[in-house]
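Predicted model, so just to flag it, every value in this text is computed and none were measured. Below, each value reflects all heavy atoms present in this structure, side chains not excepted, and no hydrogens, waters or symmetry copies.
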Amino acid sequence: MVLCYHNVIVAASGRGEAALHLGRDLFEQHLDWLSRCARVVPLADLLGGEARLDPAGPPSVAITFDDAYRGVLEIALPLLRRHRFPSTIFVTAEASARETGFWWDQVAEACPTLDRATLRNRFGGRGKDILAHLGLDPGAIPLPPLFRAASFQGLRAAAGSDLTFGAHSMSHPMLAMASDAQLVVELEESRALLRRELGSEMDVLAYPYGNWDRRVATAAAAAGYRAGFTISGGRLTRLDAAFELPRENLSPGDSGAVFVAAASGLRIR
């Protein structure tokens with residue numbers, strides 16, 4: 001299994017896009033269960049196939065985070081290291097370069113009743129266009145520090161054998177709605193920037209919003225990635241195509257039973 005988180009904060013607060021921000025206590029409960037019932041391994045081990053081919057041991061699980069929120073470095077990473085759990089952060093290049101907040105948190109703060117999913121689909125997930133359409137100045141929308149993107153400097157300082165990085169595009173659009181020219185920026189230029197700033201190979205990609213199609217997968221392979229992750233849920237198998245790999249997206253609203261089922265590879269209807 002590959003688990004997908006976004007942010008971890010001190011305590012659930014209802015700020016921003018609340019479904020993305022787990023409180024520390026709930027995250028610790030997840031880690032405690034994993035320490036008892038699973039074997040947490042580096043993402044590379046699952047990609048290589050070694051970990052998931054062990055029929056005698058506990059299930060192998062990799063922990064990933066999308067977007068590179070500051071809360072992951074400041075709250076989640078110390079807990080992961082206490083458990084000696086490896087993890088991977090998929091970094092949105094432009095956000096970390098500018099240390100900005102993300103459009104969905106900004107809109108949730110400023111206009112909490114708006115249908116953000118409809119806005120995302122209408123504008124292809126392009127945050128600048130969404131904020132401009134709403135007449136919102138992102139600099140005027142205060143967000144707590146843990147809700148902003150971690151800087152490249154902070155990510156470099158946190159890196160280690162137990163923390164690796166992947167790419168999450170340049171500006172976090174819906175890639176299947178991007179033009180061919182935009183895909184070059186989102187996939188190739190973002191990868192080059194992340195490699196320069198973080199000093200790692202950056203050969204794995206997580207699709208923003210889990211949005212992809214065959215054209216995107218082909219462009220990702222041409223850009224030099226070796227794998228692409230969705231948030232479609234379910235177990236990794238040897239039959240999964242390299243650019244259609246599943247992850248299980250986790251939310252603060254999931255009960256303990258839902259987490260156990262998801263981390264065990266069960267699908268809940």
Residues His6, Glu17; criterion side-chain contact (heavy atoms from CB on, under 4.5 Å); working and verdict: CA-CA 11 Å; His6 288 80; Glu17 188 68 71; over 6 Å; no
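- Here Leu245 contributes atom CG and Thr230 contributes atom OG1; the two are 7.5 Å apart, rounded to the nearest 0.5 Å.
- No side-chain donor-acceptor contact under 3.5 Å links Glu248 to the backbone of Cys4.
- In this structure, CZ on Arg120 lies 9.0 Å from CG on Asp115, to the nearest 0.5 angstrom.
- Asn121 has its side chain out of reach of Met177: every pair of non-hydrogen atoms, C-beta onward, lies at least 4.5 Å apart.
- Checked for salt-bridge contact, Arg15 and Asp105 miss the test: no charged N lies under 4.0 Å from a carboxylate O.
- No side-chain donor-acceptor contact under 3.5 Å links Arg116 to the backbone of Val107.
- In plain terms, the two heavy atoms of Asp213 and Ala176 that are nearest each other are OD2-CB, 3.5 Å.
- At least one donor-acceptor pair under 3.5 Å links the side chain of Asp254 to the backbone N or O of Ser251.
- Glu74 is not listed as a side-chain neighbour of Val8, based on a closest heavy-atom distance of 4.5 Å or more.
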Salt bridge (charged side-chain N to carboxylate O under 4.0 Å, His left out) assessment of Asp180 paired with Arg215: CA-CA 9 Å; Asp180 290 345; Arg215 182 177 65 99; 2.7 Å; yes
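- Under the 4.5 Å side-chain heavy-atom criterion for grouping Ile, Leu, Val, Met, Phe, Trp and Tyr, Phe65 is connected to Leu20 within one hydrophobic cluster.
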Residues Phe243, Tyr225; criterion ring pair (Phe, Tyr, Trp, His ring centres under 6.0 Å); working and verdict: CA-CA 9 Å; Phe243 289 90; Tyr225 297 99; 7.6 Å; no
Pair Asp162-Phe85, side-chain contact (heavy atoms from CB on, under 4.5 Å): steps then yes or no: CA-CA 7 Å; Asp162 62 343; Phe85 286 168; over 6 Å; no
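- Contact annotation: the side chain of Asp66 never approaches that of Asn249 to less than 4.5 Å [non-hydrogen atoms, C-beta and beyond].
- Cluster membership for Leu114 and Phe147, using ILVMFWY side-chain heavy atoms within less than 4.5 angstrom, is shared.
- The shortest distance between side-chain heavy atoms of Glu186 and Pro173 falls below 4.5 Å.
- To the nearest 0.5 angstrom, Tyr207 atom OH is 9.5 Å from Phe229 atom CZ.
- Linking Ile, Leu, Val, Met, Phe, Trp and Tyr residues whenever their side-chain heavy atoms come within less than 4.5 Å places Leu146 and Leu163 in a single cluster.
- Ring geometry for Trp33 versus Phe259: interplanar angle over 60°, hence perpendicular rather than tilted (30 to 60°).
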Leu131 vs Leu136, side-chain contact (heavy atoms from CB on, under 4.5 Å): CA-CA, chis, key distance, verdict: CA-CA 5 Å; Leu131 293 173; Leu136 295 176; 4.1 Å; yes
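- No donor-acceptor pair under 3.5 Å is formed between the side chain of Arg148 and the backbone N or O of Arg70.
- Residues Ile89 and Met202 are members of one and the same hydrophobic cluster, defined by side-chain heavy-atom contacts under 4.5 angstrom among Ile, Leu, Val, Met, Phe, Trp and Tyr.
- Using a 4.5 Å cut-off on side-chain heavy atoms (C-beta onward), Ile75 and Ile9 make no contact.
- Separating the OG atom in Ser87 from the CZ atom in Arg81 is a distance of 7.5 Å, to the nearest 0.5 Å.
- A heavy-atom distance below 4.5 Å is found between the side chains of Asp67 and His168.
- Contact of the Phe90 side chain with the Thr88 side chain is registered, since non-hydrogen atoms from C-beta on lie closer than 4.5 Å.
- Among the candidates Leu46, Val61, Ile63, the single residue satisfying the side chain to side chain contact (heavy atoms under 4.5 Å, CB included) test with Met1 is Val61.
- Under a 3.5 Å cut-off, the side chain of Ser96 and the backbone N or O of Ser151 do not form any donor-acceptor pair.
- Shown here for Gly233 and Pro246, the closest heavy-atom pair between the two residues is O-CB, 3.4 Å.
- The two residues Ala158 and Leu77 have their closest heavy-atom pair at CB-CD2, 3.8 Å.
- Using the six-membered ring where Trp is involved, Tyr5 and His30 have ring planes that are tilted, between 30° and 60° apart.
- Nearest approach of Ala76 to Phe27, heavy atoms of both residues: CB-CE2, 3.8 Å.
- Minimum heavy-atom separation, Asn7 to Gly71: OD1-CA, 3.2 Å.
- Between Glu28 atom CD and Leu80 atom CG the span is 10.5 Å, to the nearest 0.5 Å.
- With rounding to the nearest 0.5 angstrom, the OG atom of Ser200 is 11.5 Å from the CZ atom of Arg156.
- Contact check for Thr164 versus Val204: no side-chain heavy atoms found under the 4.5 Å cut-off.
- When hydrophobic clusters are built by joining Ile, Leu, Val, Met, Phe, Trp and Tyr residues whose side-chain heavy atoms come closer than 4.5 Å, directly or via intermediates, Leu31 is grouped together with Leu22.
- For His172 and Trp104, the gap between ring centers is short of 6.0 Å.
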Verdict with reasoning, Gln106 to Leu143, per side-chain contact (heavy atoms from CB on, under 4.5 Å): CA-CA 7 Å; Gln106 294 163 340; Leu143 286 168; 3.8 Å; yes
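- With a 6.0 Å radius and a threshold of 12 heavy atoms from other residues, nucleotides or ligands, Arg98 has its CZ atom at or below the threshold.
- With respect to the salt-bridge test (charged N to carboxylate O, under 4.0 angstrom), the residues Arg39 and Asp45 do not qualify.
- Across Ala263 and Leu3, no two heavy atoms sit closer than the pair CA-CD2, 4.1 Å.
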